Amino acid sequence: MTPVTPLMMLNRQQHPFCITSQRGLGLIEILITVLILGIGILGVASTQVVSLQMNTQSQSRSQAVLLAEDLFDRIRANPDTPNDYALAQGDAQGANNGGCATSFVPANATVAANDIAAWENSLACLLPEATRAVTVNGNVVTVTIDWDQNDANMNPVVVRTQI
């Protein structure tokens, strides 16, 4: 037999905070843990959303630079008439009533007119609500492309080269 100690003889009335008298403590701990875990998951989710937005903006900016380079290549391929590629600031006019035409075929116009029509259709297809301006100053060509970036602080893409 084990000897009875004074601690074993204490009952719940004398020590109400004894472990055997606590009930519901595990449930409170679980609720607090779930709350902290939920806040952490919300933080990770918001970071993921911001990451996706930045990735989309980066992709659109890269696409704008590639489109500007495409127009420069078209001008270099037709060096006799670089002034025919000048465009005032305005909306990109795709072939489908101003929108994107996936089966676009240029009309039988001049090389510069066909190049501009094909380039503007690509611009309308690849960037939402795109606006463009092309200035030709001697042999320096500047292409400015802007689009709906969902951020008022974002600047348009401006690419300048010498032809």
Side-chain angles (χ1 to χ4, degrees), residues 24-163:
L25 183 64
L27 182 61
I28 292 173
E29 290 173 347
I30 290 172
L31 288 175
I32 291 172
T33 303
V34 169
L35 177 69
I36 292 172
L37 184 64
I39 291 170
I41 289 174
L42 285 175
V44 170
S46 68
T47 302
Q48 184 69 21
V49 168
V50 169
S51 173
L52 288 173
Q53 289 173 343
M54 293 298 144
N55 190 22
T56 301
Q57 287 178 358
S58 175
Q59 180 182 5
S60 295
R61 292 189 81 70
S62 297
Q63 193 65 52
V65 170
L66 289 172
L67 285 166
E69 292 294 330
D70 176 47
L71 185 62
F72 292 149
D73 289 341
R74 291 173 188 264
I75 295 171
R76 286 186 188 105
N78 188 15
D80 297 334
T81 58
N83 290 330
D84 290 350
Y85 289 90
L87 296 170
Q89 179 71 30
D91 293 337
Q93 295 299 313
N96 186 13
N97 295 326
C100 173
T102 56
S103 59
F104 175 74
V105 177
N108 292 327
T110 66
V111 173
N114 287 343
D115 284 346
I116 289 171
W119 182 74
E120 282 196 319
N121 186 62
S122 296
L123 193 61
C125 289
L126 296 172
L127 295 174
E129 300 178 27
T131 60
R132 83 296 183 262
V134 180
T135 58
V136 180
N137 186 6
N139 61 350
V140 176
V141 179
T142 304
V143 176
T144 304
I145 301 173
D146 198 3
W147 65 97
D148 181 18
Q149 300 181 48
N150 294 327
D151 188 352
N153 297 326
M154 297 297 286
N155 294 324
V157 171
V158 179
V159 184
R160 181 176 294 125
T161 192
Q162 188 170 354
I163 302 297

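Each residue takes its place number in the sequence, starting with 1. Please read all numbers here as calculations on a predicted model, not as lab measurements.
Checking side-chain atoms of Thr47 against main-chain N and O of Gly43 turns up a donor-acceptor pair under 3.5 Å. A distance-only check finds no donor-acceptor pair linking the side chain of Thr81 to the backbone of Asp84 [under 3.5 Å]. Distance alone, capped at 3.5 Å, places no donor-acceptor pair between the Arg76 side chain and the Leu71 backbone.
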Margin query: Between Tyr85 and Val141, does the side chain to side chain contact (heavy atoms under 4.5 Å, CB included) criterion hold? Intermediate values first, please.
Written below: CA-CA 9 Å; Tyr85 289 90; Val141 179; over 6 Å; no
Next item on the list: Give the C-alpha distance, both sets of side-chain angles, the deciding distance and a yes or no for side chain to side chain contact (heavy atoms under 4.5 Å, CB included) between Asp115 and Val111.
Entry: CA-CA 6 Å; Asp115 284 346; Val111 173; 3.7 Å; yes
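Here CD1 of Ile28 is found 11.5 Å from OG1 of Thr33. Values are rounded to the nearest 0.5 Å. We find the CZ-OG1 distance between Arg160 and Thr144 to be 8.0 Å, quoted to the nearest 0.5 Å. Distance check, rounded to the nearest 0.5 Å: CG of Asn114 to CH2 of Trp119 gives 15.5 Å. Going from atom OG of Ser46 over to atom CD1 of Ile41 covers 12.0 Å, rounded to the nearest 0.5 Å. The CH2 atom of Trp147 lies 9.5 Å from the CG atom of Leu123; values are rounded to the nearest 0.5 Å. Going from atom CG of Leu126 over to atom CD1 of Ile145 covers 10.0 Å, rounded to the nearest 0.5 Å.
Residues Leu127 and Ala64 share a closest heavy-atom pair of CD1-CB, 3.9 Å. Between Asn155 and Arg61, the closest heavy-atom pair is O-NH1, 2.9 Å. The shortest heavy-atom contact between Phe72 and Ile163 is O-CD1, 4.3 Å.
Annotation: side chain of Ile116 is not in contact with side chain of Arg74 (no heavy-atom distance under 4.5 Å). For the pair Ser122/Leu67, a side-chain contact is recorded, criterion being any heavy-atom separation below 4.5 Å from C-beta on.
In the displayed structure, Asn137 atom CG is contacted under 6.0 Å by at most 12 heavy atoms of other residues, nucleotides or ligands. Counting non-hydrogen atoms of other residues, nucleotides and ligands closer than 6.0 Å to CD of Gln57 gives a total above 12.
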